[in-house]
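Worksheet: the structure to be examined is printed underneath.
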Amino acid sequence: MSAHAVAVKAASKVFNQGKSNEVHALDEIDLTVEDGEFITLIGPSGCGKSTLLRLIAALTEPTGGEVEVKGKSAEQARLDQDYGMAFQRAGLFDWRTVSKNIELPLELMGWSRGDRVRRAGEMLELVKLPEFGGHHPSELSGGMQQRVAIARSLAFSPSLLLMDEPFGALDEMTREHMQDELLRIWSETHTTVVFVTHSIPEAAYLSSRVVVMSPRPGRIATIVDVDLGDRSDDTREDPAFFEKVTEVREALRAVESA
Amino acid sequence: MSAHAVAVKAASKVFNQGKSNEVHALDEIDLTVEDGEFITLIGPSGCGKSTLLRLIAALTEPTGGEVEVKGKSAEQARLDQDYGMAFQRAGLFDWRTVSKNIELPLELMGWSRGDRVRRAGEMLELVKLPEFGGHHPSELSGGMQQRVAIARSLAFSPSLLLMDEPFGALDEMTREHMQDELLRIWSETHTTVVFVTHSIPEAAYLSSRVVVMSPRPGRIATIVDVDLGDRSDDTREDPAFFEKVTEVREALRAVESA
Amino acid sequence: GDDDDDGAAAGDDAADDTGDDEPAELTEVALQLQWVPQSQFAGYFAAVELGFYEDVGLDVTVIEGGVDIVPATVLDSGGADFAISWVPRGLVPREEGLNITNIAQVFQRSGTLQVSFADSGINSVDDLEGKNVGNWGFGNEFELFAGLVSAGLDPTGDVTLVQQDFNMTALINGDIDAAQAMIYNEYAQLLETINPDTGELFQPEDLTIIDWNDVGTAMLNDAIWADADRLEDDADYRATAVAFVEASLKGWAHCRDNPQECTDIVVGVGTPFGGPAHQAWMMNEVNALIWPSPGGVGVMDDALYAQTVDIATSQGILASAPDDGAFRTDIAEEAVANLEAQGIDVTGTGFTKGVVEIAEGGE
Amino acid sequence: MTQILGRLRRSTAPVIAGVVIVVGWELALLILNPGGFVLPPPSDIIGAVFENWSEVFDAARNTGFIIVTGLVVGVLVGVAAALLVTRFRLANEVITPLAVSLNAVPIIALAPIFNAWFGLLSPRSNQAIVVVLVFFPIFINTAKGLTQVEPSQIELMESYAAGKWTITREVRIPNAMPFFFTALKLSTSLAVIAAIVAEYFGGRQDALGPLITQSAGLTRYADAWAAVLAGTVIGGMLYVLTGALERVAMPWHTSMRADQQSN
Amino acid sequence: MLQRVTRQVVVFAVFVVLMGFAYSGYKAFGQSIDDKQHDWWAVGSVLPRTDDLNMPPILDILAEFNVIQGGTDKVLGRLLFEESLFTLREAALGFAVGTVVGMGIAMALARSKPLERGLLPYVVASQTIPLIAIAPIVVIWGRKNVDFMPWEWQDWMSVSIIATFLTFFPVAVNGLRGLQSPRPENLELMESYAASWNQTLWRLRLPASVPYLFAALKIAATASIVGAIVGEISAGVGGGLGRRIFLEAQRYTTGPERLYASVIGSAILGIFVFLVITGVERLVLGHQGREAVT
Ligand SMILES: Nc1ncnc2c1ncn2[C@@H]1O[C@H](COP(=O)(O)OP(=O)(O)OP(=O)(O)O)[C@@H](O)[C@H]1O
Ligand SMILES: Nc1ncnc2c1ncn2[C@@H]1O[C@H](COP(=O)(O)OP(=O)(O)OP(=O)(O)O)[C@@H](O)[C@H]1O
Ligand SMILES: [Mg+2]
Ligand SMILES: [Mg+2]
């Protein structure tokens with residue numbers, strides 16, 4: 001009986017097995033994520049980051065090995081709604097107001113109306129958009145939409161947050177701002193985060209550990225431990241930070257040239 | 001009679017002038033670009049980077065001031081096909097093969113078939129895709145498409161290259177790779193480049209000068225001179241590089257908070 | 001649906017109870033017309049409006065026809081209790097397996113003409129050779145085909161058959177040389193139209209007509225049809241049929257004697273061919289197709305029936321001559337007897353066709 | 001080889017569904033026995049096709065001529081109008097909403113008028129109905145394809161100092177191809193309906209429209225449905241032909257689609 | 001917004017007037033050729049005939065709206081308005097039923113891929129069946145077999161069913177597109193909430209399909225009018241624009257203006273229902289800040 005937030009054990013994933021277009025997306029992945037950790041997956045395009053995240057979310061099944069989330073099977077965790085999820089595109093529903101978007105998972109979990117409204121209010125406070133509850137997503141900027149998406153993924157207080165390039169579509173300044181917001185929320189809510197990104201500085205800035213993956217078939221190449229203490233604006237200009245950036249880059253280079 | 005590659009003189013651009021949705025996109029921009037320079041425009045979203053680039057390309061007219069390219073009016077330069085252009089999305093034509101895409105500007109300039117085919121071959125060599133000439137763009141990865149777009153913009157050897165976030169859609173490793181390619185081509189062909197980007201490291205890595213713009217109305221806030229010598233992989237891990245990154249970030253911060 | 005098999009059970013009572021103090025319960029009857037309301041059906045509308053049906057215990061709903069509505073099918077499928085249909089258009093479905101039967105042959109003559117302009121030189125069937133000959137199809141073409149054959153012409157080779165529009169424009173435009181026309185409708189329409197060459201209405205002299213009654217290939221037109229199975233199995237339905245035919249014929253006799261009143265009734269129920277003059281013309285011509293009826297109105301004329309069947313079989317319209325059940329005269333005869341008992345003239349021996357003013361547009 | 005197998009497998013579902021529909025139809029009529037003969041069982045319809053083969057075939061050929069010629073003219077006019085409209089900004093702003101609302105006019109109502117205009121006997125009156133009915137979807141879709149081009153692609157061409165016509169030829173027309181073919185597929189079935197309904201209002205008698213109405217008028221419903229089937233077959237053939245044309249005209253597009261299908 | 005609408009109305013009006021002039025101009029041209037006995041083969045073959053019987057003068061057509069029709073005490077304009085209401089009722093029912101049926105088919109096909117593969121071709125093929133072939137079936141079955149309904153079957157409802165045959169199709173096809181329009185990550189989001197198929201349908205697929213649905217409804221509204229008109233011609237119901245058009249076609253020879261006027265009436269009705277749906281679309285989508293699809 002493990003207390004790991006996530007335990008991926010020798011998990012493999014082959015798409016279109018046996019067909020001419022077979023893809024070996026993941027090969028014997030072993031990874032454990034501790035409670036409260038912030039873990040980042042980075043690697044070249046197509047190396048299987050999203051696939052690994054989706055295995056953890058039980059949105060797809062491993063073709064080998066197994067995935068445990070909070071000590072139970074990933075599928076059970078999905079059914080128990082143990083995690084929240086956010087994607088590159090905010091993926092808000094245009095036809096729902098911001099509040100209603102945040103209430104969506106709560107509705108599906110059968111919360112009462114009053115509870116839902118109250119929680120949506122709290123979440124909007126958390127992401128600093130209290131006055132936008134009644135707006136439709138199209139009235140919000142990209143960064144604000146992404147914040148709503150995060151609020152939605154946190155609304156039912158999952159202890160695990162899975163994020164697939166959530167800031168990929170934002171411009172650099174907005175992105176840095178969102179990173180700080182996410183770290184603040186993370187430290188306030190003590191959530192475990194598994195975060196996929198393409199950006200080396202983002203990975204280095206956010207995580208406690210950076211998992212560097214190699215492609216074809218997707219494997220874990222290196223894990224870079226990061227310990228930059230409390231992040232602030234200064235961290236981004238800190239030589240220690242640049243060092244970690246370089247370390248991750250080197251690891252990626254090695255993966256690419258292999 | 002100036003020998004500047006580009007001379008923007010007190011240029012302003014107001015969209016929808018006099019209407020309720022008037023936008024003051026650019027205000028009294030002064031900028032000269034010397035022959036052989038690599039200049040980067042950076043700034044928050046909506047500050048007018050693309051508009052400035054399109055003024056230089058004479059794809060839109062200034063509402064005030066003037067723009068000269070190679071000592072003549074921008075419009076004349078456009079008609080003389082003095083510059084090549086590349087956009088964020090590769091913008092290749094699906095219905096043409098890779099070779100035919102590169103040949104497009106040559107066709108329009110009335111090159112003979114033989115010359116076109118030969119030049120397309122050379123260009124494919126330059127961007128390291130010699131065997132893909134007969135493929136359709138949809139069969140190529142994003143990075144490969146972007147390389148074809150660059151080949152296309154260089155095919156008729158323009159002495160000025162205008163690029164609007166050409167690497168915005170690529171993942172970080174591919175992006176760094178493309179940056180190196182571009183610098184190689186730039187130094188080989190002695191082209192002048194005006195380059196729009198959102199990425200601070202990209203701006204710092206590529207340019208001889210980084211033009212930092214402020215929004216509403218778009219103005220030039222600061223110009224950061226960069227002199228990192230010949231770039232190589234090591235440059236990205238060089239403290240001097242991090243310094244420039246920090247300098248550009250600080251300039252942007254200042255612009256944002258203003 | 002409108003039909004109500006069980007409702008017919010009240011028929012007997014209704015017929016018997018007419019004298020009672022209590023208002024009798026009326027039997028509901030649905031009548032399917034072959035076309036839209038117009039004087040062609042004046043007798044039925046008159047019987048509704050003047051209460052003839054009510055007098056015999058019937059509550060009749062008249063259902064108008066449409067292009068794709070085949071009265072025989074509606075009748076057979078139970079969509080109506082009785083239907084008005086031309087004889088060939090009843091016999092063919094019968095051969096196809098619809099068990100319907102002709103219970104009253106109202107029209108004793110055919111109203112179908114082939115009309116041409118006088119200057120086209122078409123004076124007889126022979127002259128149609130090599131011409132564009134219009135017809136409507138829907139069974140209206142059989143008389144034409146038979147006429148052509150009788151003149152030694154091959155309908156599929158010696159003339160060009162044209163699917164005619166539903167008006168006379170194609171004839172005026174010269175698209176076709178001879179147009180099919182009902183004497184009571186389209187022919188009148190031509191006479192109600194201004195001749196662009198003269199600025200006056202077209203005159204009968206401007207036109208030549210081929211009348212199939214004269215050629216000898218006329219087929220029987222409007223008749224009342226009923227469901228043969230129900231007639232066999234359901235005595236109430238048969239009684240209703242007698243009552244229905246009786247009141248309908250009474251309506252026709254009334255229209256013979258009061259054509260203007262019947263025209264007004266038809267216009268009143270909302271004929272889409274609004275023009276009162278046009279309906280008056282139609283009333284007059286329709287009367288002439290019914291009267292005189294020497295054997296009694298509604299009773300099948302065996303000679304004309306034989307001619308109709310003969311043409312139908314020789315044209316391959318029918319594979320073989322219909323069996324005896326295709327028509328029956330007992331119902332009509334019973335109705336005629338009832339009418340005679342009421343002192344109504346059922347043969348119209350003294351009938352002469354009236355004269356009706358043509359008005360531009362039939363208004 | 002694998003491609004052919006793959007295509008075969010993909011077409012099994014429609015074939016199975018077709019068999020189920022036909023057998024179900026036949027059985028339903030057999031068991032429910034609704035009478036009225038109005039909807040004949042498939043076996044009767046097939047029988048009627050063979051029995052009246054030459055009549056049905058001639059009618060299908062005559063109506064097919066109207067359908068195909070009307071379709072071709074309608075497509076040409078629609079494309080030409082779309083090209084014209086995209087060349088002029090005002091025209092574009094004005095004519096497209098106009099065409100959309102005119103598309104709401106029940107064109108069928110024009111059939112009797114066209115008979116008067118062009119003559120009852122002339123194929124033109126029926127072709128005109130087909131042309132008008134085909135025109136709108138072709139025009140609207142093609143115009144959409146010609147205008148909904150990535151602005152950056154236009155700017156790229158402008159940066160080469162390319163003229164309007166060059167831009168139309170190199171960018172707008174290829175971009176409009178998928179839109180055009182979508183409309184063309186829709187138009188094939190429209191053309192079939194239009195021709196048959198037009199024939200209903202007059203024209204030559206040895207055509208599908210009269211065959212349907214005349215047979216139905218005499219309660220020979222199996223014959224009528226044999227003619228309906230012939231119309232459906234013409235529509236189906238045109239649809240398949242359009243698909244083949246599309247594959248020839250846009251190899252780049254189909255290659256993309258094949259990928260999507262395998263996912 | 002208001003400005004744009006006004007602009008479009010004005011443009012439309014101008015266009016209509018221009019069409020009127022084009023019509024009259026061509027007519028005058030054709031007649032002068034006729035008068036001079038020139039032989040222009042195109043006039044009267046590729047181009048319409050121009051005499052008053054075939055192209056009645058515009059003013060006569062317009063005047064006809066105000067002419068009291070024989071046998072009634074109403075002017076044609078008034079009659080056409082009443083017929084329009086009759087047709088509108090048929091079309092509205094057909095539209096409603098067609099939308100429900102179309103959406104039902106779309107949902108079934110969205111639910112199962114093999115079903116989509118197997119049935120979609122037949123849904124498409126169904127549209128090549130001419131309405132005139134199904135009209136008698138519907139009318140007769142309606143009268144005969146629909147006794148189980150709580151209200152009595154009216155013949156105009158048969159016409160509605162015929163209209164349904166035209167309306168369900170665009171709704172089914174576009175509805176399917178709409179139901180399949182959510183991005184994969186949105187579907188995965190619902191899956192990550194362990195949402196059932198029904199929950200995903202109601203909370204994601206259906207709302208996502210709304211813009212597609214409106215695009216379909218615009219087509220369907222028009223189609224329902226066409227269906228009602230053709231149905232009326234076929235089925236013999238006691239009113240409606242279709243019947244009016246057919247009857248005016250029958251007496252065209254004595255009054256071509258009446259047919260033209262009736263066709264104009266049907267055009268107005270078609271455009272009217274189109275505009276109603278477009279208006280509702282703008283209201284609904286505009287409120288949610290969503291874009292219309294075409
Ligand atoms: N549903 C699928 N069917 C077939 N192959 C798939 C499927 N999903 C992913 N793959 C393949 O698996 C490999 C890994 O894909 P994945 O999306 O996990 O990569 P990624 O690391 O997230 O890439 P990116 O950085 O571009 O998002 C790729 O080669 C991809 O083509
Ligand atoms: N054609 C146009 N009509 C009206 N406004 C425009 C137009 N093009 C640009 N603008 C406005 O001008 C301003 C500058 O736009 P521009 O595209 O140059 O910004 P940018 O710096 O390139 O932004 P981004 O980084 O998002 O690409 C923006 O506010 C934009 O909304
Ligand atoms: Mg991914
Ligand atoms: Mg830009």
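So you know, we letter chains A, B, ... as the sequences are listed, proteins then strands, and number each from 1. Every value quoted in this text rests on a predicted model; they were computed, and no experiment measured them.
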Heavy-atom count around A:Arg231 CZ within 6.0 Å, excluding the residue itself: above 12? yes

B:Phe241 CZ to A:Thr246 OG1 distance, which is reported to the nearest 0.5 Å: 9.5 Å

Side-chain heavy atoms of A:Glu237 within contact of B:Glu250, under 4.5 Å: yes

I'd like to know whether CG of B:Asn16 has more than 12 heavy-atom contacts from other residues, nucleotides or ligands below 6.0 angstrom. yes

Name the region of A:Arg236, side chain, backbone, both or neither, that has any atom closer than 4.5 Å to a heavy atom of chain B. both

Got more than 12 heavy atoms from elsewhere within 6.0 Å of CG, B:Asp225? yes

Using non-hydrogen atoms only, which part of A:Glu165 is less than 4.5 Å away from chain B: side chain, backbone, both, or neither? neither

So do A:Arg175 and B:Ser199 actually touch side chain to side chain, heavy atoms under 4.5 Å? no

Say you draw a straight line from CD of A:Glu172 to CD1 of B:Ile42; how long is it, rounded to the nearest 0.5 Å? 7.0 Å

Would you call A:Glu176 and B:Arg253 a salt bridge, taking side-chain N to carboxylate O under 4.0 Å as the test? yes

